[in-house]
2 protein chains.
Amino acid sequence: MTAQRASVKDVAQLAGVSVGTVSNVLNRPESVTEKTRVRVEQAMAQLNFHRNASARQLRAGVSRTVGVIVMDVGNPYYTELARGIEDRLADDDHTLILCSSDEDPQREAQFLRLLAEQGVRGVLVTPTASTTQRLGDLRRLGIPSVLMDSHSTQHTSVGVDHVSGGRQAISHLLDQGHRRILYLAGPTDLQQTRHRLRGAIEAVQAAGLDPTDVLRVVNLPNLTANEGQRGLIEALDDPGPAPTAVFAMNDIVALGAMRELRVRGLSIPRDMAVVGYDDLYFAAELMTPLSSVRQPMRQLGWAAADLLLTEHPHTVFQPELIVRASSDFRRP
Amino acid sequence: MTAQRASVKDVAQLAGVSVGTVSNVLNRPESVTEKTRVRVEQAMAQLNFHRNASARQLRAGVSRTVGVIVMDVGNPYYTELARGIEDRLADDDHTLILCSSDEDPQREAQFLRLLAEQGVRGVLVTPTASTTQRLGDLRRLGIPSVLMDSHSTQHTSVGVDHVSGGRQAISHLLDQGHRRILYLAGPTDLQQTRHRLRGAIEAVQAAGLDPTDVLRVVNLPNLTANEGQRGLIEALDDPGPAPTAVFAMNDIVALGAMRELRVRGLSIPRDMAVVGYDDLYFAAELMTPLSSVRQPMRQLGWAAADLLLTEHPHTVFQPELIVRASSDFRRP
DNA sequence: CGTCCCGCATGAATCGATTCAGCAGTTTGG
DNA sequence: CCAAACTGCTGAATCGATTCATGCGGGACG
């Protein structure tokens, strides 16, 4: 088998024109006679010609791919984000390279290096703690970046107001009469963790209570169901008054916590209320439908990609609490 | 800002060596004196040098990225697959471009064209109906491909035995005493749809029954929760005896079906048993824990990538039915 | 009829990393 | 002591698409 790719040169030869003309057919078809254009196109079809993106990019200097680094592709929350990005990129005929950092700065750095070598048009990141410095390096190479779901004064970014999300969740639980609330948080170096905590504290203070009495925080190294379960065990096995409600960093963590509650025969929400975050598509279908803070991920992704392609200012979206049975026993 | 990328030439100049030597430092460091190597490395660091992947690939002819096209990145099933692929690729310092075909042959073709232009090292696809012909085009360009979760005599592939999966699910439902079973299937041109049906028929026949009496098939155009709900409505509103069990194409479809059962106040599994497919991580945590056919997605992805990098023969994995309350009322 | 212009096509130069024949200088061996 | 082998480095050629100064032929116009 002659597994040889046809080049513009081959096409030119077959069509009996010069390489420049072939290039014109590809990039400025209006500047070529109909007759020659057809001839060249036939030659391309006959040779199964695909233009070599490397050569194209090497010469032209610009790429039509965008790098996207999310914390966990396994989490539907982030794939929804990716969808939004893809939607926007498709409009401008760009594509995306999707990478999963697994919240590991090492891996993230590795991907950033790779994307830099690829000469991507730009990079969209849900940043881990140590990201921002490396993005400076990229900018120096002429590669713009947009932070997603995060805020920084030195970078363009799109975000959701996590302070508001934390406030809404905790206000709701306080309204339900809870006075000892467990916050199953992510690592402290994650901005989301801190912002939601701030919102939580604001909510407690607004109710005229003392945050140190009301809130108990457990930081989980990973945001998985197993970690959520482990975190709840840790909190329940702790001596002292047990919490009566849990605010989880995301729905998957909440899933793990609910699993443990069930193991212990505790009723949700009577013995322990639960509020999650992200409102994943199955949240309403769980054993106990899960209250959750909904985030407009698709729009967020769209906005991030748009920012990269069109240079807009910073954008912030508002989350919205969805109350279900897991935190309100009057609900179905 | 001088957003100018440094090239090997710049590095060579700064280090006082030739470009060939810089290239040697990058690719054959053992063939360079320690002294010059250090000097070159310092120059690279000082200039914040990143090698240009386009130029590299243009010359070398080989790429270190692999294209992956899955049917739906929103489905955790496929992201798990992607994880397995990534695991294997990382071992050989390759990376992946992840694309979502959304079961749309048009989109798939678009991505294949793009990947061909990128000159990827290979392509891994969960194929839609019309894929195989296009893969022939790729092969003619020297780009190998591996079908995932599918089988074809003309292509290397990794797959799960869907006949077995269908057989296991239906055998189980027959054992539970069901004699009218609804199969909420995907499009008929999807291989998985047909194979599972074949397994279902085998199971019915093995029980000495007539498949046309027992099985009712509804083909859904998309495998979403909403479609699952719609499919169930269609079947229930149909005159004639209603089914007593549902076998869904995947857990998300099952989710939609269960939603409708709940709306109608039907009990699961007493009024209607449900068995899903894929055993997504939340299947055990649903309102009624969902029986499901588990597939080793991560291994499948790993095997697919391995196949591409090392040229092994065809691999088939076995699925495993996990029985939960949704299809067995003696279960918790 | 000559000049100018315009539309269309040409092909050499270019991008940056890699490769490889070749060169200078050193070591080995007979 | 000289040939051969080896080491470490050089720099021109190369990959394929794009660009742009240049050429060419035909039509318009004076």
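Chain identifiers are assigned alphabetically (A, B, ...) following the order of the sequence lines, protein sequences preceding nucleic acid strands; residue numbering begins at 1 within each chain. Basis for what follows: all heavy atoms, side chains included, without hydrogens, waters or symmetry-related copies.
Salt bridge A:Arg37/A:Glu30: absent, no basic N to carboxylate O contact under 4.0 Å. Ion pairing between A:Arg51 and B:Glu117 fails under the 4.0 Å rule for side-chain N and carboxylate O. With salt bridges taken as basic N to acidic carboxylate O contacts below 4.0 Å, one links A:Asp137 and A:Arg140. Between A:Asp72 and B:Arg83, at least one side-chain nitrogen of the basic residue sits less than 4.0 Å from a carboxylate oxygen of the acidic one, meeting the salt-bridge criterion.
Side-chain contact check for A:Asp102 and A:Ser100: at least one donor-acceptor pair (N or O, by modelled atom type) lies under 3.5 Å. With no hydrogens or angles considered, no side-chain donor-acceptor pair links A:Asn75 and A:Thr79 at under 3.5 Å.
Regarding contacts with the backbone of D:dA17, every side-chain N or O of A:Arg51 stays at 4.0 angstrom or more from both OP1 and OP2. Proximity of A:Asn52 to the phosphate of D:dA17: no side-chain N or O atom is located under 4.0 Å from OP1 or OP2. The side chain of B:Arg28 contributes an N or O atom lying less than 4.0 Å from OP1 or OP2 of C:dT19.
If you measure from atom CZ of B:Arg64 to atom C1' of C:dT18, you get 14 Å, rounded to the nearest angstrom. The interatomic distance linking A:Lys9 (NZ) with D:dC15 (C1') rounds to 9 Å, in whole Å. Regarding A:Leu26, its CG atom lies at a distance of 15 Å from the P atom of D:dG16, rounded to whole Å. Atom CZ in B:Phe49 sits roughly 9 Å away from atom C1' in C:dG16 (whole-Å rounding). Between B:Glu117 atom CD and D:dG16 atom C1' there is a gap of 13 Å when expressed in whole angstrom units. Distance, B:Gln118 CD to D:dG16 P: 16 Å, rounded to whole Å. Whole-Å rounding puts the B:Asn27 CG to C:dA17 C1' distance at 8 Å. In this entry the distance linking NE2 of A:His50 with C1' of D:dA17 reads 16 Å, nearest Å.
Between D:dT18, D:dG16, C:dT18, one nucleotide has an atom nearer to the side chain of A:Leu58 than all others, and that is D:dG16.
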Revision key, fill the gap. Nucleotide by nucleotide, nucleotides 4-13 of chain C touches protein heavy atoms under 4.0 Å in the pattern (B base, S sugar-phosphate only, - none) ----SSBBBB

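Contacts of A:Ser7 with the nucleic acid, taken as non-hydrogen atoms under 4.0 Å apart, involve only primed sugar atoms and P, OP1 or OP2.
Of the possible donor and acceptor atoms, one in the side chain of A:Gln57 sits under 3.5 Å from a partner among the backbone N and O of A:Gln118.
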